[in-house]
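So the structure is just underneath, and the comments pick up after that.
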Number of protein chains: 2
Amino acid sequence: MAHNRTAYVILGMLSIEQNKSGYDLRKAIESSVGTFWGESYGQIYPTLKRLAAEGLIVPSSPASQPRQRRQEYALTEAGRACLREWLALPFHNDPPRNEFLLKLFFGREAAPGVEIGHIRELQRRNRRMLATLTALESAARAHPSQSPHMPFWMLTLGLGTALTRAAIEWGESALKQLSAGETAETQEPQPGEANPVDSHG
Amino acid sequence: MAHNRTAYVILGMLSIEQNKSGYDLRKAIESSVGTFWGESYGQIYPTLKRLAAEGLIVPSSPASQPRQRRQEYALTEAGRACLREWLALPFHNDPPRNEFLLKLFFGREAAPGVEIGHIRELQRRNRRMLATLTALESAARAHPSQSPHMPFWMLTLGLGTALTRAAIEWGESALKQLSAGETAETQEPQPGEANPVDSHG
DNA sequence: CGTGGCATGTAAACGGTTACATGATTTA
DNA sequence: TAAATCATGTAACCGTTTACATGCCACG
């Protein structure tokens, strides 16, 4: 009765829209929760089998006779109950692993310019992320479906944009600090005092 | 020549302070990069052996004769070079997996109050995190060592606090929205229009 | 008819955590 | 001398990714 989290993404996705194949599910996951959750086929297909064996989902419609052509699944009541149960359980953050921050932490050991490069790269990724998120947000606002899912979806988008914006702001200030520090270091040993954090115009 | 990331945390930690045992390393990791990186003994001890076999670190001092008593290690020049190389490589964010957001995304299926509970729990964790980070920050400012590591360490702290603060702000507004939505839902079907996002005091 | 994309699946490897076993040292 | 904790290590397991194999189908 213990399930890995892949099982719950699948149940959740099927709770939103029935009759999806493994292929569909992967696409759906990627395009909806893709910014904060990922799944691979190697995880999805075996899990589908298991969920079906346990009766939490059932094979539905086009299991067309030829040896192999898209098998769709639908959520059963047992599956829905299982999903609800899991939703009510306290969430669990998996052990933190931020390679960017790790490299920044050891920045003293890096060649000059390396960390600045990393931060610039982070800025690029975050700006792309922000573009993605705001695109989703405005798309949602554009044709305002009255889907009961919307409030929750907008909240997830909201946290995403808030975090990304905060990271970008930090990046700007960090770049200023590091550039200042680097030129100062190569020019003069040290003045009596330094307080580089106050102009972020 | 391929290393897992555990190897680099170890090299990094030894680049900051030599002569650490596996036990020391774990404590050091926990108390310095612990908020964004974790390691377990099961990963540390085998990696130490491997790094020593490859000459990136060397056993140093107290390998006292009795069968087993703390074995310390020190970084070699080869080890330092290896660390530098890795630092210069582009960082790689591992696949996103945020269980909180996943549960929030499927919130429509959850019993009433469940998501509010999750957000409150998130707020608790984030406030604790913020306390930890600001404590570290003020401790650093208190006795301002001129360690060349400090600028980088402060930057990592800065991103942590920025992200945490942003998350907390989001949480406050999210709680208001959800509470409003929930009471509205149980009282009247729907008014002509709703624009719940503009007062976040 | 051939190519490219749709679709399903599996085997192997990997990185990592957990739980456990063991003993040495400190302290009360 | 008993309890706590310092310290090292290993075996088993787990979830996940990667790479690969396969075959169907639509389109040019």
Side-chain angles (χ1 to χ4, degrees), chain A residues 1-10 13 19-31 33-34 36-53 57 59-73 86 92-99 102, chain B residues 1-10 13 19-31 33-34 36-53 57 59-73 86 92-99 102:
Chain A
M1 269 303 159
H3 295 283
N4 59 4
R5 292 173 305 176
T6 304
Y8 296 109
V9 205
I10 292 177
M13 285 296 158
N19 302 326
K20 287 194 171 298
S21 69
Y23 195 83
D24 294 340
L25 281 166
R26 215 221 175 204
K27 272 189 303 179
I29 289 167
E30 164 121 37
S31 69
V33 297
F36 55 83
W37 199 272
E39 290 295 344
S40 61
Y41 291 132
Q43 197 81 330
I44 289 175
Y45 284 113
T47 303
L48 281 173
K49 293 281 159 99
R50 250 190 55 230
L51 290 175
I57 61 178
S60 66
S61 41
S64 34
Q65 62 286 29
R67 247 249 304 121
Q68 168 196 24
R69 201 57 198 159
R70 50 179 295 106
Q71 177 56 266
E72 302 184 346
Y73 293 90
W86 175 75
H92 148 266
N93 350 7
D94 18 24
R97 291 216 136 189
N98 187 324
E99 196 176 294
L102 193 62
Chain B
M1 270 300 158
H3 294 282
N4 60 5
R5 292 176 302 178
T6 303
Y8 296 109
V9 206
I10 292 178
M13 285 296 159
N19 302 328
K20 287 193 172 297
S21 69
Y23 194 83
D24 295 341
L25 281 166
R26 217 224 176 203
K27 273 190 303 178
I29 289 166
E30 165 121 35
S31 69
V33 297
F36 55 82
W37 198 273
E39 290 294 346
S40 61
Y41 291 132
Q43 197 81 330
I44 288 175
Y45 283 113
T47 304
L48 281 173
K49 293 282 158 99
R50 251 189 55 229
L51 289 175
I57 62 179
S60 66
S61 43
S64 36
Q65 63 285 31
R67 249 245 309 117
Q68 168 193 23
R69 200 59 201 156
R70 49 180 294 108
Q71 177 56 265
E72 303 184 347
Y73 293 91
W86 174 75
H92 148 267
N93 351 7
D94 18 25
R97 289 218 136 189
N98 187 323
E99 196 177 293
L102 193 62

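The sequence lines fix the lettering, A, B, ..., with proteins before strands; numbering per chain opens at 1. Since this is a predicted model, take the numbers as computed values, not measurements. Reckoned from all heavy atoms, side chains included, excluding hydrogens, waters and symmetry mates.
Take A:Thr47 and apply the side chain to side chain donor-acceptor pair (under 3.5 Å) test, not counting sequence neighbours, and it matches no residue. B:Pro46 pairs by the side chain to side chain contact (heavy atoms under 4.5 Å, CB included) definition with nothing, not counting sequence neighbours. For A:Arg26, there are no side chain to side chain donor-acceptor pair (under 3.5 Å) partners, not counting sequence neighbours. Listed by chain and residue number, nothing satisfies the side chain to side chain contact (heavy atoms under 4.5 Å, CB included) test with A:Pro96 (two or more places apart in sequence, or in another chain). Qualifying side chain to side chain donor-acceptor pair (under 3.5 Å) partners for A:Trp86, counting only residues two or more places apart in sequence or in other chains: none. B:Asn93 meets the side chain to side chain donor-acceptor pair (under 3.5 Å) test with A:Arg125; sequence neighbours excluded. Every residue two or more places apart in sequence or in another chain that forms a side chain to side chain contact (heavy atoms under 4.5 Å, CB included) with B:Tyr45 is listed here: B:Tyr23, B:Tyr41, B:Leu48.
Rounded to whole Å, atom P of C:dT8 lies 12 Å from atom CD1 of A:Ile10. If you measure from atom CD of A:Gln71 to atom P of D:dC24, you get 16 Å, rounded to the nearest angstrom. Atom CD of B:Glu39 and atom P of D:dG9 are 16 Å apart (whole Å). To the nearest angstrom, P of C:dC6 lies 13 Å from CD of A:Glu30. Atoms OH (A:Tyr41) and P (D:dT17) sit 13 Å apart, rounded to a whole Å. Regarding A:Arg70, its CZ atom lies at a distance of 12 Å from the P atom of D:dA26, rounded to whole Å. In this structure, B:Asp94 places its CG atom 12 Å from P of C:dT17, rounding to the nearest Å.
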Next on the checklist: Run A:Glu39 and A:Ile10 through side chain to side chain contact (heavy atoms under 4.5 Å, CB included) and show every step you take.
Outcome noted: CA-CA 10 Å; A:Glu39 290 295 344; A:Ile10 292 177; over 6 Å; no
Provide a list of protein-nucleic acid N or O atom pairs under 3.5 angstrom, restricted to nucleotides 12-15 of chain D.
none

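Of the candidates D:dG9, C:dT8, D:dA7, the closest approach to any side-chain atom of B:Lys49 belongs to D:dG9. You'll find that the side chain of A:Ser40 is closest to D:dT17, out of D:dT17, C:dT10, C:dT17.
You'll find the side chain of A:His3 reaches within 4.5 Å of the side chain of A:Leu51, heavy atoms only.
Less than 4.0 Å separates DNA chain C from no heavy atom of any residue of residues 21-29 of chain B.
Dashed line: the shortest gap from a side-chain N or O of B:Tyr45 to OP1 or OP2 of D:dT8 is under 4.0 Å.
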